[in-house]
Amino acid sequence: MVDEDLELERDLGDATIVYEDPHEGTVERTVPNEHVAYFQDHWIIKTDEDDQGNDIVRRIPSRRVHYVERSVEEFEEEIKTLFDRVESVATRLQTKIPIGGGGGREERRDDPYEIDVDAGE
């Protein structure tokens, strides 16, 4: 049995993001790993909380980011997490965009369709 309090206190490491800010120039910010994410071609970092306890985040376009360096317990686990996220997005897209025919107006052909072509002069 895992003690839930110990699990919550586990250190997930830090992430350092270096990016260009239009007002501050090159910025280097280190935050806990769970406060940085990549989504829709932007890096998102938690910068603060408001008076109601809502997270305040900064979205940084990926083209402005020089690099993100993260400490992870196991590199393989980080890659697996990334793969799982990509697989999840692909599955969601597949449900929105029919792939492989099925249900479309065009008839699916398993055999090649031959077209006669005359050689030009």
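Numbers here simply count residues along the sequence, with the first being 1.
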Handout entry: Interatomic spacing from CZ in R58 to CD1 in I17 - rounded to 0.5 Å
Key =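 R58 CZ to I17 CD1: 10.0 Å, rounded to 0.5 Å.
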
Exercise for the section: Kindly compute the distance separating CZ (R70) from CG (D14), expressed to the nearest 0.5 Å. Expected result: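 It is 10.5 Å, given to the nearest 0.5 Å.
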
Exercise for the section: Ignoring hydrogens and angles, state whether a donor on the side chain of D41 or S62 is under 3.5 Å from an acceptor on the partner side chain. Expected result: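 Yes, S62 and D41 have a side-chain donor paired with an acceptor closer than 3.5 Å.
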
Handout entry: V57 backbone acceptor or donor facing D55 side chain under 3.5 Å
Key =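 Absent.
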
Considering all heavy atoms of both residues, which atom of [X] and which atom of [Y] are nearest to each other, and what is their separation?
X: E49; Y: I56; result: C-CD1, 3.9 Å
X: F39; Y: I44; result: CB-CD1, 3.8 Å
X: N33; Y: S71; result: ND2-O, 2.6 Å

Exercise for the section: Give every residue pair that meets the ring-ring contact (aromatic ring centres under 6.0 Å, His included) criterion with at least one member in residues 41-66, sequence neighbours excluded. Expected result: Y38-W43

When the side chains of residues 23-32 are checked against the rest of the protein, which donor-acceptor pairs come out under 3.5 Å, sequence neighbours left out?
| residue | atom | partner | partner atom | Å |
| --- | --- | --- | --- | --- |
| T26 | OG1 | E20 | OE2 | 2.4 |
| T30 | OG1 | T16 | OG1 | 2.9 |

Exercise for the section: Give the cluster check for V18 versus I45: same hydrophobic cluster or not, with ILVMFWY residues linked at side-chain heavy-atom distances below 4.5 Å. Expected result: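 Different hydrophobic clusters.
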
